[in-house]
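Since the structure comes first, as structure tokens, the remarks are kept for the end.
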Amino acid sequence: MYSEKVMDHFSNPRNVGELESPSGIGTVGNAKCGDIMRIYLDIDENQRIRDCKFKTFGCGAAVATSSMATELVKGKTIKEAMEVTNKAVMEALDGLPPVKVHCSLLAEEAIHAALWDYAEKNGITIDGLEKPKSDIHEEEEEEEY
Ligand code: FES
């Protein structure tokens with residue numbers, strides 16, 4: 001049911017933890033399943049993501065997608081990190097079962113929320129970034145996969 005990569009990132013998640021003085025923090029939850037994810041970003045003066053950590057109180061797919069998402073955004077510029085969508089994360093994990101697709105949305109939204117926090121703290125705007133929701137549940141109902 002799950003790919004080897006999903007199992008690997010679930011059993012041995014990368015970048016778990018917190019950053020002491022992050023440039024941005026994003027927390028999102030899904031009220032339907034009760035899962036919560038928090039992402040910490042350390043962004044340097046050239047708007048490159050120097051470090052990234054996460055904490056996820058959630059299902060295995062949420063842990064695996066957070067782990068992969070942090071790996072994908074690390075070392076990237078903000079602009080590049082904006083291209084790390086839930087689809088990109090799922091592809092990097094060789095897919096997720098359809099019922100678990102919503103879990104990958106948490107990772108995308110948490111990164112966006114952390115970038116939003118960074119942008120607000122620094123008085124900048126990030127192209128294509130919309131104010132994040134704290135609960136992805138509503139949007140999920142409307143979208144089709
Ligand atoms: Fe809630 Fe996976 S079931 S994030």
Side-chain angles (χ1 to χ4, degrees), residues 1-43 47-122 125-145:
M1 179 173 179
Y2 288 111
S3 73
E4 271 178 34
K5 282 193 189 159
V6 172
M7 291 312 290
D8 176 29
H9 278 264
F10 168 61
S11 327
N12 178 25
R14 290 33 156 203
N15 310 309
V16 176
E18 315 180 1
L19 293 177
E20 243 174 52
S21 42
S23 319
I25 304 180
T27 308
V28 290
N30 183 328
K32 207 159 143 195
C33 62
D35 291 351
I36 299 166
M37 188 182 294
R38 178 169 292 164
I39 296 239
Y40 301 79
L41 296 177
D42 176 24
I43 299 169
Q47 297 201 339
R48 192 172 285 278
I49 299 170
R50 206 162 20 198
D51 203 2
C52 180
K53 297 266 187 218
F54 81 91
K55 276 191 163 174
T56 292
F57 182 80
C59 72
V63 171
T65 48
S66 344
S67 168
M68 181 54 93
T70 54
E71 286 283 271
L72 290 177
V73 298
K74 225 189 207 180
K76 294 222 161 77
T77 62
I78 288 179
K79 209 171 159 214
E80 290 162 345
M82 285 296 294
E83 284 155 29
V84 178
T85 59
N86 77 305
K87 288 199 177 80
V89 175
M90 282 196 298
E91 269 170 34
L93 285 169
D94 294 336
L96 280 175
V99 293
K100 287 290 174 183
V101 169
H102 75 272
C103 315
S104 65
L105 276 173
L106 269 182
E108 180 186 314
E109 282 296 315
I111 288 170
H112 286 180
L115 287 173
W116 183 269
D117 182 39
Y118 164 78
E120 276 207 319
K121 282 180 179 151
N122 290 278
T125 48
I126 297 173
D127 278 353
L129 185 64
E130 287 172 14
K131 192 168 179 8
K133 305 174 188 62
S134 55
D135 173 18
I136 63 160
H137 171 215
E138 287 161 33
E139 179 190 0
E140 189 191 309
E141 301 277 284
E142 294 157 18
E143 280 192 17
E144 283 189 30
Y145 299 103

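Please read all numbers here as calculations on a predicted model, not as lab measurements. Keep in mind that the numbers below use all heavy atoms, side chains included, and drop hydrogens, waters and symmetry copies. We count ligands from 1, going down the list as the structure has it; atoms in each ligand are counted the same way.
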Kindly identify the option in Ala61, Cys59, Ala31 whose heavy atom sits closest to atom 2 (Fe) of ligand 1.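 The option holding the nearest heavy atom is Cys59.
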Nearest heavy atom to atom 1 (Fe) of ligand 1: which of Cys33, Gly58, Cys103, Ser104 does it belong to? Cys33
Could you check whether any heavy atom of Lys100 sits closer than 4.0 Å to an atom of ligand 1, since that is the contact criterion I want to use? yes
Ligand 1 versus Leu106: contacting region, heavy-atom distance under 4.0 Å: side chain
Which bit of Lys32 is near ligand 1, meaning a heavy atom under 4.0 Å away: side chain, backbone, both or neither? neither
Flag the pair Glu109 and Lys133 as a salt bridge only when some basic side-chain nitrogen lies within less than 4.0 angstrom of an acidic carboxylate oxygen.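 So Glu109 does not pair with Lys133 through a salt bridge.
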Which atom pair, heavy atoms only, marks the closest approach of Thr56 to Ser66?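 Shortest heavy-atom separation between Thr56 and Ser66 comes out as OG1-OG, 2.8 Å.
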Where do Ala119 and Ile126 come nearest, in terms of heavy atoms and distance?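 In this case the closest contact between Ala119 and Ile126 is CB-CD1, 3.9 Å.
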Atom CG of Asn12 with >12 non-hydrogen neighbours under 6.0 angstrom: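 Above 12, so yes.
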Can you establish whether the number of heavy atoms outside Lys121 located under 6.0 Å from its atom NZ is more than 12?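 Enclosed: over 12 neighbouring heavy atoms sit under 6.0 Å from NZ of Lys121.
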Please report which non-hydrogen protein atom sits nearest to atom 4 (S) of ligand 1, along with the residue it belongs to and the distance in Å to one decimal place.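 Its nearest protein heavy-atom neighbour is Asp35 OD2, 3.0 Å.
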Is there a donor-acceptor contact under 3.5 Å linking the side chains of Asp94 and Ser3?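 On atom types as modelled, these side chains do not qualify, holding no pair under 3.5 Å.
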Using a strict 4.0 Å cut-off to heavy atoms of Ala62, name the atoms of ligand 1 that fall inside it.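 So the atoms of ligand 1 that pass are 4 (S).
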